[in-house]
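Below is one structure; the comments refer to it alone.
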Protein chains: 2
Amino acid sequence: MRQVSNGADLGRLVGYQLKRVQAALRSAMDAALRPHDLTTPQYACLELLDQRPGLSNAELARGAFVTRQSMNVLLRNLEDAGLVERPASAPQGRALPTTLTAEGRARLVAARGDVLEIEQRMTAHLDAEQADLLLGHLERMTDALDPRPRDSPTLT
Amino acid sequence: MRQVSNGADLGRLVGYQLKRVQAALRSAMDAALRPHDLTTPQYACLELLDQRPGLSNAELARGAFVTRQSMNVLLRNLEDAGLVERPASAPQGRALPTTLTAEGRARLVAARGDVLEIEQRMTAHLDAEQADLLLGHLERMTDALDPRPRDSPTLT
DNA sequence: AACCCTATGTCAAACTGTTGACATGAGGCA
DNA sequence: TGCCTCATGTCAACAGTTTGACATAGGGTT
C-alpha cells in the first residue's frame, strides 16, 4: 500500500472548497466595506431591510444566519449610527418592525457598488447559464442539508 | 415605478447562496461531530494532519482559514486531549511539526464516516461530471478573489 | 375560559476568534 | 560580520458570537 488509506484529498471535497471560497469572499467584503464603516453582517442586514422593509429582529437573524442575540446587538449599533429605525413598542405581537433611515439607504447604496464588484469578480469566469446552474446547485445543496422548509425572508 | 430600484434579489447572488450553504454545512457538521467530542475546526485540523503529517501551527492555520493564534489554542486543546503531539523544541527554525497520536487517528477515522456522509448527502444530486465542474468553479472563484499563489497545504 | 405550545425580545455569562504586539530563528545582502 | 527582512510561536486585550435563561404576546385545543 502506498497510502495509509487516507480519506479523499481534502481539496476534492466540496465542503472544503466551499469553506475556502467563503473565507476569501468574507475577507474581500470586509476590506471593501471598511471604507464605508460597515461590517459584512451589517451590510447584509441593510440589504435585507432594503429588500424587505419591516423585518423583525428574529427574521433578520435567520436571513443573516446568526442568532437573535447577535442580530440584536448588531441592530442596536445600526440604530445608534442612525442607519435603521425601530418603533418603541410593538404594533402587534412582540416583533418590532425595522426600517432603513434615509442615511441608512444612502450608506447601503454607496456600499452596494463595491460589494457587487466583488461578486462580479468572483463569478467573472462564468457565463449566464453556468451562473444559473451554480445557483441552482447551491440551493439544492442547502436544501439537502437543511430539511426545514424555511419561511424564507429571501423569497418573494 | 413598482420597485424603488432595489439591488438584485439577494437570493440571486452567488455570495449569499454560498453563505447559506456554508451555514447549513457548518451546522450539520457540528451536530455530526458532537458525539465524537470534536468541533468542526478541530476535525479540519485532524484531517490536515492526517493528510500532511508534520505541519506547523502556522501552516495548519492557513489550511483551516483561521489565525495562528486561534490554531494555537486549538492545538493546545487537541494536545491536552492526547490527539496530537508536538516536540518540546523546534528541530530547525521555530516551526514545531505536529503529528497525530494513535488516539487522534482513531478519533479521526471514527468521525470521518459521519462527515463524509454529510458531504454525500449535500452533493447527492450531482453526478461525477457536475461535481468536478462545481469543484473547478469554486476553486476559480477563490483564485479570482484571492490573488495570492497559496503555498497550498492542501496540494501534493 | 383555561391550558399549552410557539415565537419573540432581551439579559447575562461563557466561549471562540480576532487584532496588536513582542521575541526568536533563518536567510539574503551589503 | 552586521543588518535587514520575513516567518514563526506566543502573550495580552478586545470584539463578536453563541449558549442559556426568562418574561411576554399570540394562536390553538380542550
Side-chain angles (χ1 to χ4, degrees), chain A residues 19 22-24 26-31 33-34 37-45 54-81 84-98 148-153, chain B residues 19 22-24 26-31 33-34 37-45 54-81 84-98 148-153:
Chain A
K19 174 75 178 176
Q22 218 263 327
R26 172 64 181 261
S27 175
M29 286 187 62
D30 281 339
L33 289 170
R34 195 165 302 126
D37 269 302
L38 289 175
T39 65
T40 300
Q42 283 174 340
Y43 170 79
C45 179
L55 282 184
S56 71
N57 175 33
E59 291 171 314
L60 287 168
R62 283 191 289 270
F65 314 106
V66 295
T67 60
R68 282 171 294 168
Q69 294 88 335
S70 295
M71 183 54 71
N72 203 3
V73 310
L74 198 155
L75 277 181
R76 280 184 179 281
N77 290 342
L78 288 178
E79 217 171 355
D80 293 347
V84 305
E85 276 177 336
R86 277 192 292 182
S89 67
Q92 155 251 17
R94 296 205 70 195
L96 300 175
T98 313
R148 272 171 306 219
R150 268 209 167 278
D151 40 352
S152 62
Chain B
K19 175 75 179 174
Q22 218 264 326
R26 174 62 182 263
S27 174
M29 284 187 63
D30 281 338
L33 289 171
R34 194 164 304 125
D37 269 301
L38 289 175
T39 66
T40 299
Q42 285 173 340
Y43 171 78
C45 179
L55 282 183
S56 72
N57 175 33
E59 291 171 314
L60 287 168
R62 282 192 290 270
F65 313 106
V66 295
T67 61
R68 283 169 294 167
Q69 295 88 334
S70 295
M71 182 54 71
N72 203 1
V73 311
L74 198 157
L75 277 181
R76 279 184 180 282
N77 290 341
L78 288 179
E79 217 171 354
D80 293 347
V84 305
E85 276 177 337
R86 277 193 292 183
S89 66
Q92 156 252 17
R94 294 205 71 195
L96 300 175
T98 313
R148 273 171 302 219
R150 271 209 168 277
D151 42 351
S152 62

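Here the structure is a predicted model, which is why all the values come from computation and not from measurement. Throughout, protein chains are lettered first and strands after them, A, B, ... in sequence-line order, and every chain is numbered starting at 1.
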So [X], base contact, sugar-phosphate only, or nothing? Heavy-atom distance under 4.0 Å.
X     : answer
A/S56 : sugar-phosphate
B/V73 : nothing
B/L96 : sugar-phosphate

Figure out the [atom1]/[atom2] separation between [X] and [N], and round it to whole Å.
X     : N      : atom1 : atom2 : answer
A/N57 : C/dT10 : CG    : C1'   : 9 Å
A/L75 : D/dT17 : CG    : C1'   : 15 Å
B/L78 : C/dT16 : CG    : P     : 12 Å
B/L60 : D/dT8  : CG    : P     : 11 Å
A/L74 : D/dT18 : CG    : C1'   : 14 Å
B/D30 : D/dT17 : CG    : P     : 16 Å
B/L38 : C/dT16 : CG    : C1'   : 16 Å
B/N72 : D/dA7  : CG    : P     : 18 Å

Do [X] and [Y] come within less than 4.5 Å of each other through their side chains, counting heavy atoms only?
X     : Y     : answer
B/T40 : B/L33 : yes
A/M71 : A/R68 : no
A/V66 : A/P41 : no

For [N] and [X] - does any side-chain N or O of the residue sit under 4.0 Å from the phosphate oxygens OP1/OP2?
X     : N      : answer
B/S70 : C/dT16 : no
A/R62 : C/dT8  : yes
B/R68 : C/dG20 : no
B/T67 : C/dG17 : no
B/R94 : C/dG27 : no
A/R86 : C/dT10 : yes

(request) Confirm from the modelled atom types if B/Q69 and C/dG20 form a donor-acceptor pair under 3.5 Å, side chain to base only. (result) yes
(request) Would you mind telling me which residue lines up with the more 5' stretch of DNA chain D, A/V66 or A/Q92, judged by nearest nucleotide? (result)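 The 5'-side residue here is A/V66.
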(request) Might you work through the salt bridge (charged side-chain N to carboxylate O under 4.0 Å, His left out) test for B/D30 and B/R26, ending with a clear yes or no? (result) CA-CA 6 Å; B/D30 281 338; B/R26 174 62 182 263; 3.2 Å; yes
(message) To check you understand the geometry: which heavy-atom pair defines the closest contact between A/P97 and A/P87, and what is its length?
(response) O-CD, 3.1 Å
